[in-house]
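Keep in mind it's a predicted model, so treat the numbers as computed, not measured. Computation of the quantities below employed the complete heavy-atom set of this structure, encompassing side-chain atoms and omitting hydrogens, waters and symmetry-equivalent molecules. Letters A, B, ... are given to chains in the order of the sequence lines, protein chains preceding strands, and every chain is numbered from 1.
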Number of protein chains: 2
Amino acid sequence: MRKTDRAAAPGGNAMLVLALLSTGEMYGYQIIEELERRSERVFRLQEGTLYPLLHSLEKDGLVTARNAQAPSGRPRRYYRITAAGQRALEEKEREWRVYAGAVHAVLAGCTP
Amino acid sequence: MRKTDRAAAPGGNAMLVLALLSTGEMYGYQIIEELERRSERVFRLQEGTLYPLLHSLEKDGLVTARNAQAPSGRPRRYYRITAAGQRALEEKEREWRVYAGAVHAVLAGCTP
DNA sequence: CTATATACCTGGATTATCTAGGTATAGTAT
DNA sequence: ATACTATACCTAGATAATCCAGGTATATAG
């Protein structure tokens with residue numbers, strides 16, 4: 001994650017990636033571009049952040065992966081969210097809402 | 001930060017602490033309790049997180065500190081936000097709003 | 001035939017935060 | 001008196017997320 005120079009949330013990237021995958025199968029490079037598009041250029045995941053993250057999500061059973069050829073012939077690795085991944089996503093979203101709500105409460109109370 | 005078990009934002013703690021200090025002088029222990037109170041128990045800064053953070057804010061000129069005695073006699077270290085700290089706070093708040101807005105956009109677009 | 005975009009990957013550094021301690025005083029309970 | 005709890009500050013070392021800076025390879029455009 002770059003762009004806004006560290007306003008990010010750790011573990012937050014996992015939530016965003018899982019959210020994207022909940023709309024359907026995607027490969028790594030596509031995730032980077034989709035995230036950039038949907039966030040209107042706010043997020044731009046570094047490859048060095050995304051690929052290790054995908055590997056750890058896979059290791060934790062939150063996504064599965066399969067290799068395939070693009071129409072162009074280039075090899076791609078497609079990721080799909082699992083049922084456990086869906087549950088983890090819902091949990092992370094809940095936590096995010098609690099966290100963001102609390103940040104808002106503190107800021108609103110301090111700089112009204 | 002604990003409680004919601006990692007939904008946090010790095011550098012986000014600095015924003016929250018600066019926001020609290022923008023309401024007036026505070027000492028470390030008080031910051032922890034005020035933050036817990038204002039967030040309605042969502043945040044509970046670890047001492048091992050707060051004190052080093054305060055030292056780095058001081059080193060960066062965003063806060064100043066002075067030692068004083070509590071009415072009880074216990075020594076305390078009071079922190080006060082500087083003009084540079086105010087500017088940094090405003091900038092961090094701006095970044096936070098951009099980041100939180102983008103997260104919301106992605107989540108809303110994925111799980112409508 | 002070279003440059004660019006696509007597509008995947010890793011090692012090592014950086015940074016924030018956590019864990020788990022330590023010190024010391026004041027007030028409260030036994 | 002004495003122990004326990006709450007207050008109040010601090011630090012060293014570990015962990016984890018992310019960044020940085022590379023590397024590899026194929027397809028397409030110039």
Distance in angstrom units between [X] [atom1] and [N] [atom2], rounded:
X	N	atom1	atom2	result
B:Arg74	C:dT25	CZ	P	11 Å
B:Gln46	C:dA16	CD	P	17 Å
A:Ile32	C:dC8	CD1	P	8 Å
B:Tyr78	D:dT7	OH	P	14 Å
A:His55	C:dC9	NE2	C1'	7 Å

Determine: side-chain N/O of [X] to OP1/OP2 of [N], distance under 4.0 Å, yes or no.
X	N	answer
B:Tyr29	D:dC9	no
A:Arg76	C:dA7	yes
A:Asn13	D:dT18	yes
B:Tyr51	D:dC10	no

### Query
A:Ser39 side chain to A:Leu35 main-chain N or O, any donor-acceptor pair under 3.5 Å?
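Judged by distance alone, yes, a pair lies under 3.5 Å.
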
### Query
Can you find an N or O donor on one side and an acceptor on the other, under 3.5 Å apart, linking the side chain of A:Glu47 with the base of C:dC8?
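For A:Glu47, whose side chain was compared with the base of C:dC8, there is a donor-acceptor pair (under 3.5 Å).
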
### Query
Do you see a donor-acceptor pair shorter than 3.5 Å between the side chains of A:Tyr78 and A:Arg80?
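There is no such pair (donor and acceptor under 3.5 Å, judged by atom type) between the side chains of A:Tyr78 and A:Arg80.
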
### Query
Is the closest basic N to carboxylate O distance between B:Glu91 and B:Arg87 below 4.0 Å?
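Answer for the salt bridge query: no.
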
